[in-house]
Amino acid sequence: MIRYILIAFSGILLLSCGNDDSVSTSADGNIQAWLDSTSISASRDDATGIYYYADSLNPSGTQVSSGSVAAIYYTLSDLNGNVIASHQRSNGDSLIFKVGASAVYPLGVDRGVTLMRVGEIYNFILPPEQAYQDLTSGAINPNLIAHLEIQVVGVHNESDLFAQDIVAIDDYITANNLNDTVTNPLNRVEQFSASGISYKRLSAGSGALPLNGDTIIVDYSGRFLDDSSFGSDSGFEWIYGSNDPRELLTGFEFGVSLMQTGERALIMIPSSQGYRESALVVPGFISGDLVEDGIIPDYVTSIPPYQALLFEITRVD
């Protein structure tokens, strides 16, 4: 049973690394000593204490800027060259996050990529305050001076990603014959252009539609467009239209607004009406620990950035 997936999202709020942007003298000294020992010439961002240097430049590449969505590959290691985690082309698609939205952990990544252009490879040396200092589980040493090699392979406009969701939902409707009322009886899919939400009634209900103040109870299952599951619940209850006891995803409550008691429906929600940028955790295996430490919301462990969602809902109140 997973309830968190219904919590509304209006911009992720990650805790900053450390209490402020100050960097311990010892960490800074250790970084400088490592740079001297390797004869690497690096620049320092005085506000954060992050050191950086380029392995590969691409002056004609698109600049990463705040508000854009960066696509990256990375390798995380310590200053001795021991690789802690890596995500490269051989591991699959690039990882994406919204820049300048505190939607990536550690936050040093967010600050670093704005120096880069598409096609470039940079190395960032993050002091603990900009890396994993707040992580208490021990999965990564909180005192680690992190060496992150990052390659930017794309920059996207968020609006383009939202538009791609609409196309992907349309493709899902076609591939699953949802408008074929012989294969899938009752109504054809209702599509709402303003929000991009699509709604398919799977079985009929009876009675009135929800009104503000009504107690609504639903059973639901959530999945992605590849039909892999990310959560479900039975007897999920809230007061319709009141944001009590929690705010719901905009797309979820909108879909329920179309349902009679006893009705079962499939609601297809673009990421603009769902978890939007969610967050990227580098490396992903510490996501659960960050939830435990209160650094990221728990939905980040299941919902990647810019994911269209399907909810199969039965209204049971």
Side-chain angles (χ1 to χ4, degrees), residues 2 5-9 69 93 96 156-212 214 216-236 238 240-241 247-278 299 302-317:
I2 301 179
I5 55 177
L6 298 183
I7 300 300
F9 174 74
V69 179
D93 293 339
I96 62 173
H156 308 286
N157 293 322
E158 186 178 61
S159 59
D160 291 339
L161 297 179
F162 292 155
Q164 289 173 20
D165 283 346
I166 305 302
V167 174
I169 288 172
D170 285 344
D171 290 344
Y172 182 88
I173 290 169
T174 300
N176 290 275
N177 299 313
L178 295 183
N179 277 322
D180 181 347
T181 54
V182 175
T183 305
N184 293 285
L186 302 180
N187 313 67
R188 291 170 58 87
V189 174
E190 297 180 63
Q191 295 181 289
F192 299 87
S193 58
S195 63
I197 294 170
S198 293
Y199 177 90
K200 169 66 178 180
R201 185 170 288 105
L202 300 176
S203 61
S206 61
L209 299 176
L211 298 173
N212 286 343
D214 286 350
I216 303 299
I217 305 173
V218 300
D219 299 337
Y220 71 84
S221 61
R223 58 186 191 269
F224 300 114
L225 293 182
D226 63 1
D227 282 328
S228 61
S229 174
F230 60 81
S232 63
D233 198 4
S234 297
F236 184 83
W238 77 101
Y240 181 81
E247 295 181 351
L248 301 183
L249 287 178
T250 301
F252 189 94
E253 189 163 57
F254 177 82
V256 173
S257 75
L258 305 172
M259 299 181 68
Q260 298 173 300
T261 297
E263 184 174 324
R264 184 169 63 93
L266 180 65
I267 302 169
M268 293 155 274
I269 302 175
S271 60
S272 62
Q273 304 299 310
Y275 289 97
R276 302 177 68 89
E277 64 261 32
S278 186
Y299 58 76
S302 295
I303 312 294
Y306 301 104
Q307 288 289 312
L309 306 175
L310 307 175
F311 287 100
E312 187 168 325
I313 303 172
T314 302
R315 185 179 165 194
V316 298
D317 56 271

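For clarity, every value in this text was computed on a predicted model and none was experimentally measured.
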Check: Are W238 and F236 close enough that their ring centres sit under 6.0 Å apart?
Finding: yes
Note to self: Would L209 and L258 count as a side-chain contact (heavy atoms from CB on, under 4.5 Å) here? Give the steps.
What the structure shows: CA-CA 6 Å; L209 299 176; L258 305 172; 5.5 Å; no
Notebook entry, point to check: Where do D219 and G235 come nearest, in terms of heavy atoms and distance?
Noted result: OD1-N, 2.8 Å
Next item on the list: Using a 4.5 Å cut-off on heavy atoms from C-beta on, say whether the side chain of S195 contacts that of Q273.
Entry: yes
Check: Parallel under 30°, tilted from 30 to 60°, perpendicular over 60°: which one fits the rings of F252 and F311?
Finding: perpendicular
Check: Tell me, do L225 and L310 make a side-chain contact under 4.5 Å, heavy atoms counted?
Finding: yes
Notebook entry, point to check: Restricting to pairs with a member in residues 168-189, which pass salt bridge (Lys or Arg N to Asp or Glu O under 4.0 Å), not counting sequence neighbours?
Noted result: none
Checklist line | P270 vs F162 side-chain heavy atoms within contact, under 4.5 Å | finding: no
Notebook entry, point to check: Thinking salt bridges, do E312 and R223 make one under a 4.0 Å N-O criterion?
Noted result: yes
Margin query: Quick check: do K200 and N179 have side-chain heavy atoms less than 4.5 Å from each other?
Written below: no
Checklist line | Pairing residues for N157 by the side-chain contact (heavy atoms from CB on, under 4.5 Å) criterion, not counting sequence neighbours | finding: S159, D160
Check: Hey, does I217 have a side-chain heavy atom less than 4.5 Å from the side chain of R315?
Finding: no
Item checked: side-chain contact (heavy atoms from CB on, under 4.5 Å) partner of S198, the single match among I166, I269, I267, I169 -> I169
Next item on the list: Could you check if a side-chain atom of E158 sits within less than 4.5 angstrom of a side-chain atom of Y306, using non-hydrogen atoms only?
Entry: yes
Next item on the list: Check whether any side-chain heavy atom of R201 sits under 4.5 Å from a side-chain heavy atom of R264, and report yes or no.
Entry: no
Check: Does Y199 reach the side chain of M268, with side-chain heavy atoms less than 4.5 Å apart?
Finding: no
Check: Should we count CG of N212 as having more than 12 external heavy atoms under 6.0 Å?
Finding: yes
